[in-house]
Every structure is written in structure tokens, then in C-alpha cells.
2 protein chains.
Amino acid sequence: MATTETRRRADAERNIAAILDAALVCFTEEPQASMAAIARAAGVGRVTLYAHFPSREVLLAAVLDRTIAQAGEVIRAAAPSEGPATTALRRLLRSSWHVLDQHRQLFDLAQRELGSPNLRERHRQVVDHVEDLLVRGQQEGVFRTDLPITWLVTTVYSLLHAAAEDVNTGQLRADEAAEVLEATLLQALESR
Amino acid sequence: MATTETRRRADAERNIAAILDAALVCFTEEPQASMAAIARAAGVGRVTLYAHFPSREVLLAAVLDRTIAQAGEVIRAAAPSEGPATTALRRLLRSSWHVLDQHRQLFDLAQRELGSPNLRERHRQVVDHVEDLLVRGQQEGVFRTDLPITWLVTTVYSLLHAAAEDVNTGQLRADEAAEVLEATLLQALESR
DNA sequence: GATAAGTCGAACATCACTGTTCGACTTATC
DNA sequence: GATAAGTCGAACAGTGATGTTCGACTTATC
């Protein structure tokens with residue numbers, strides 16, 4: 001698939017994966033994480049890190065790409081355009097609140113550090129799935145129409161993120177998160 | 001009130017106020033704002049900044065203290081323990097969503113940069129007002145009781161912050177914010 | 001209008017992070 | 001088991017932030 005010139009060795013491949021894993025964790029839990037800290041977390045020398053990702057910017061972009069791809073897959077798997085909007089939203093929350101939150105946090109970071117105009121495109125592709133679902137719910141008459149649609153999207157992402165944070169700080173159990181989110185969001189979005 | 005040894009000169013007093021104003025803005029819109037940037041924003045030399053606030057840490061603490069005090073006053077002015085819980089929440093949102101958001105953001109920053117155990121106390125004093133109000137609403141039977149109270153508090157702060165951010169990015173007009181927040185929160189919290 | 005208080009720019013030391021180079025070493029791969 | 005690919009520590013230069021010091025200057029205050 002990705003063979004530029006010579007094939008990569010197996011251990012290099014493993015290290016790259018370890019670095020991306022570690023970088024995702026580091027970036028999301030501490031946005032200013034240094035390259036040294038990421039290398040340490042990945043169990044890899046700093047030089048090796050730079051061998052694969054020539055700059056912090058490149059690494060961040062790589063992590064972002066990978067997370068966007070994952071988010072895309074997870075959303076597609078939840079089939080947000082199938083069945084009634086409420087049950088579709090339920091499915092989406094159950095399967096992907098965590099991935100969507102990572103995506104959101106990385107996007108915030110990338111926007112600050114890369115100041116990206118083209119980035120917005122890729123972000124849209126993920127956000128739009130949620131927006132489409134909400135619009136569909138409005139057309140079905142189950143979601144409220146008295147507020148701007150952008151605000152409804154914001155509401156979903158905002159509570160998603162809040163739940164993820166509460167899980168991180170131990171205020172909420174991970175297995176409760178989807179349930180609590182569902183109960184809160186469905187009622188908040190419901191049409192009267 | 002605060003005369004340690006000799007009285008401060010009027011221009012010094014003015015500069016301190018300008019610095020605190022500028023620091024609040026800088027910290028909330030860019031958490032890693034440098035001391036040089038803050039000094040520039042305050043229209044003051046870097047040395048003057050250090051003359052009044054010997055370190056970044058001290059400055060942040062001062063900004064935090066001031067914001068907590070403001071938040072306390074604003075909340076007290078909204079009389080959250082008077083009248084029905086729903087109208088009290090309405091009053092609180094109308095008068096103080098902006099201040100409460102600044103408080104939240106500064107608290108996040110302070111928690112990261114100062115790693116504060118004692119800070120939590122001061123934070124509590126502000127958060128508790130919201131929590132008390134929510135508990136009161138539960139007792140009155142108007143707010144839902146099927147979710148952890150901590151999550152309800154999180155919901156309020158999270159949407160507060162989301163609205164503030166949407167105002168910052170121009171997605172929401174400042175004069176709409178309170179209304180939109182009110183519509184979303186009252187429905188999300190409502191008991192069935 | 002004298003004096004103390006305050007401001008400010010320039011320059012300094014220190015520190016942490018970024019990214020790079022080197023050379024020795026290890027390990028996958030054929 | 002030879003070779004190329006990959007790892008790694010040490011050491012380097014560059015940058016940008018934090019605090020500090022100095023000395024000249026301005027400005028409240030009595």
C-alpha cells in the first residue's frame with residue numbers, strides 16, 4: 001500500500017505505531033507535551049522519533065490524520081443515516097463518544113498549533129455526519145427546531161467532551177458515560 | 001484596606017489594573033500567553049509587569065482571585081436561592097454566563113499550571129452555588145433526579161463554556177447566548 | 001520644586017525545547 | 001551470516017521564554 005522506495009522493517013513499523021499511540025495519549029492529556037516526553041512514553045529514543053517524524057508539526061498532523069480516519073470508520077459503522085434519528089443518535093453515542101472526543105481535542109490543538117485553513121475541510125467531514133443526523137431528526141419532527149443547528153451540533157460535541165473529561169477525572173465511570181450522555185442529549189434536543 | 005507599608009502611587013494602581021485586565025484577556029484567549037505578550041497588551045514595559053507580579057505564577061493567581069471575587073459577587077447578585085429554581089437559574093444565566101465561563105477557563109489553566117490542591121477550595125465556593133441551585137430544583141421536583149448531580153453541574157458549565165466559545169468564533173451572537181443557553185439547559189435538566 | 005516612587009529599555013544568565021549530526025551498536029531480512 | 005536498515009545516547013546550535021539587574025528617565029505627591 002505505502003511503499004515509497006524500500007520496504008520498512010518490521011520493528012520500524014512497530015515503533016511508528018507505538019509513537020502514534022503514545023502521541024495521541026500525550027497530546028490529548030497534555031497539549032504542550034514535548035517531543036522528549038512523547039518519545040519516552042512510546043519507549044523509544046528521541047532520535048528515533050525524529051527519524052520517523054521530522055518535526056512536531058508533522059507528528060501532530062499524522063496523529064490527526066489517523067484519528068480522523070478512525071473517527072470516520074466508527075461513524076460509518078454506526079450508520080447514522082439509517083433508521084429513526086433518535087435511535088441512530090443512540091447508536092452513535094454508544095459506539096463513538098470516546099473517539100469523537102479525541103477527534104475534537106486534537107482538532108482544537110491542531111487549530112491552535114497549525115492554524116489550519118485546509119484542516120477545516122477534514123474536520124467538516126466528521127462534524128457533518130452529526131449535523132446531517134440532527135437535521136434529519138428535525139425533518140422527522142423529533143428534534144427541536146427553535147435553535148440554530150450549529151448550536152445543536154455544539155451541544156452534542158460539548159457534552160461529549162464534558163463526559164470524556166468527567167471520566168478522566170474519575171467523576172464518571174466509563175461504562176456510565178454513554179448512558180448519561182444519551183439521557184441528557186436526547187432530552188435536550190427533543191422537540192416539543 | 002491594603003496598605004502594607006507605604007501607599008501605592010496612582011499610576012502604579014492604574015497599571016496594576018491594566019495588567020490584570022490584559023492578563024485576563026490573554027490567559028482566556030491563549031493559555032500559553034507569554035509575560036512579554038501580556039505586558040504589551042497592557043501597554044506596559046516587561047520590567048513594570050515583573051515589578052508588580054514577581055512571577056507568572058503570582059500573576060495567574062492574582063487574576064484568578066480577582067475573577068473568583070467577581071464571579072462571587074455576580075452570583076450573589078442573581079440571588080440563586082430566592083424564588084423558584086427555574087427562574088433562579090434563568091436569572092443566573094442571564095446575568096453571569098460570561099463571568100462563569102471566564103472563571104471556568106481560568107480554573108482549568110490554574111489547575112494545569114499550578115497543580116492546585118488548595119485551589120479546589122476556592123473553586124468549590126463558586127461551583128457550589130450552581131450545585132445548590134440544582135439540588136433545590138430537584139427538591140422542588142422541577143429538575144431531573146435520574147442522573148448524578150455532579151453530571152448536572154458539569155452539563156451547566158460545559159454548555160456555558162460552549163456558548164462562550166461560539167460567541168468568540170462568531171457562530172453565536174452575544175445577545176443570543178443567554179437565551180439559547182436557557183432554552184437548552186432548562187429542557188435538558190427538566191424533570192419528567 | 002524636591003523627593004521618593006514608578007517606569008522602561010537594554011542587557012544578562014538560565015532553562016527547556018527543537019531539530020541535527022555523529023558514531024557505535026543492534027536487529028530484521030535475504 | 002552478511003548487509004542494510006534501524007536504534008540510541010551524547011553532544012551541538014538555535015530559539016524563545018523567564019526572571020533579574022542596571023542606570024537613566026518621568027511623574028505623582030507633599
Side-chain angles (χ1 to χ4, degrees), chain A residues 1-23 25-64 109-110 112-116, chain B residues 1-64 109-110 112-115:
Chain A
M1 195 188 273
T3 321
T4 334
E5 298 220 357
T6 48
R7 251 190 328 295
R8 258 198 301 263
R9 242 170 60 175
D11 60 350
E13 210 84 47
R14 230 182 312 134
N15 278 338
I16 289 177
I19 289 170
L20 287 173
D21 287 343
V25 173
C26 289
F27 281 142
T28 52
E29 75 186 19
E30 231 249 306
Q32 325 108 300
S34 72
M35 292 293 265
I38 294 168
R40 216 178 309 126
V44 152
R46 211 161 59 87
V47 182
T48 304
L49 173 50
Y50 276 105
H52 295 303
F53 302 97
S55 78
R56 199 171 190 281
E57 217 173 289
V58 171
L59 174 60
L60 178 55
V63 173
L64 190 72
L109 177 57
R112 272 205 308 276
E113 298 217 351
L114 310 181
S116 47
Chain B
M1 192 187 273
T3 322
T4 334
E5 300 220 356
T6 48
R7 251 191 329 296
R8 258 198 299 263
R9 243 171 56 175
D11 58 351
E13 210 85 47
R14 230 181 312 134
N15 279 337
I16 290 177
I19 289 169
L20 287 174
D21 287 343
L24 174 60
V25 172
C26 289
F27 280 143
T28 51
E29 75 187 19
E30 232 249 306
Q32 323 109 301
S34 72
M35 292 294 264
I38 294 169
R40 218 178 308 125
V44 153
R46 213 162 58 88
V47 182
T48 304
L49 173 50
Y50 276 104
H52 295 301
F53 303 97
S55 76
R56 197 171 192 281
E57 218 173 289
V58 171
L59 174 59
L60 178 55
V63 173
L64 191 72
L109 177 56
R112 271 206 307 277
E113 298 216 352
L114 310 181

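Naming: A, B, ... by sequence-line order, numbering from 1 per chain.
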Note: A/Leu49 and A/Val44 closest approach over all heavy atoms is N-CG1, 4.0 Å

Where is the tightest heavy-atom contact between A/Leu109 and A/Leu60, given as atom of each residue plus distance? CD2-CD1, 3.9 Å

Atom [atom1] of [X] to atom [atom2] of [N]: distance rounded to whole Å?
| X | N | atom1 | atom2 | answer |
| --- | --- | --- | --- | --- |
| A/Glu113 | C/dC17 | CD | P | 14 Å |
| A/Leu59 | C/dT18 | CG | P | 10 Å |
| A/Leu49 | D/dG9 | CG | P | 13 Å |

Distance-only donor-acceptor pairs under 3.5 Å for side chains of residues 23-33 of chain B, two or more places apart:
residue, atom, partner, partner atom, Å
B/Thr28, OG1, B/Leu24, O, 2.8
B/Thr28, OG1, B/Val25, O, 3.0

How is the base pairing of DNA chain D summarised as a dot-bracket string, given the Watson-Crick and G-U wobble criteria with both distances under 3.5 Å, [ ] for crossing and | for another strand? ||||||||||||||||||||||||||||||

Footprint string (nucleotides 21-30 of chain C, 5' to 3'): B base within contact, S backbone only, - free, heavy atoms under 4.0 Å: B-----BSSS

To the nearest 0.5 angstrom, please state how far the CG atom of B/Leu64 sits from the CD atom of B/Glu113. 11.5 Å

Output the distance between atom CZ (B/Arg56) and atom CE (B/Met35), rounded to the nearest 0.5 Å. 7.5 Å

How would you list, by chain and number, every residue that makes a side chain to side chain contact (heavy atoms under 4.5 Å, CB included) with A/Glu57, sequence neighbours excluded? A/Ser55, A/Leu114

Any residue meeting side chain to side chain contact (heavy atoms under 4.5 Å, CB included) with B/Asp11, in chain and number order, not counting sequence neighbours: B/Arg9, B/Arg14

If you compare every side-chain N and O of A/His52 against the phosphate oxygens of D/dG6 (OP1, OP2), does one of them come in below 4.0 Å? no

Return no unless some side-chain N or O of B/Asn15 is found under 4.0 Å from OP1 or OP2 of C/dG6. no

Considering only heavy atoms from C-beta outward, does the side chain of [X] approach that of [Y] to under 4.5 Å?
| X | Y | value |
| --- | --- | --- |
| B/Leu59 | B/His52 | no |
| A/Leu20 | A/Phe53 | yes |
| B/Arg46 | B/Arg40 | no |

For nucleotides 16-18 of chain D, print each protein N/O atom paired with a nucleotide N/O atom at under 3.5 Å, atom names and distance only.
residue, atom, partner, partner atom, Å
D/dT18, OP1, B/Met35, N, 3.2
D/dT18, OP1, B/Arg56, NE, 3.4
D/dT18, OP2, B/Met35, N, 3.1

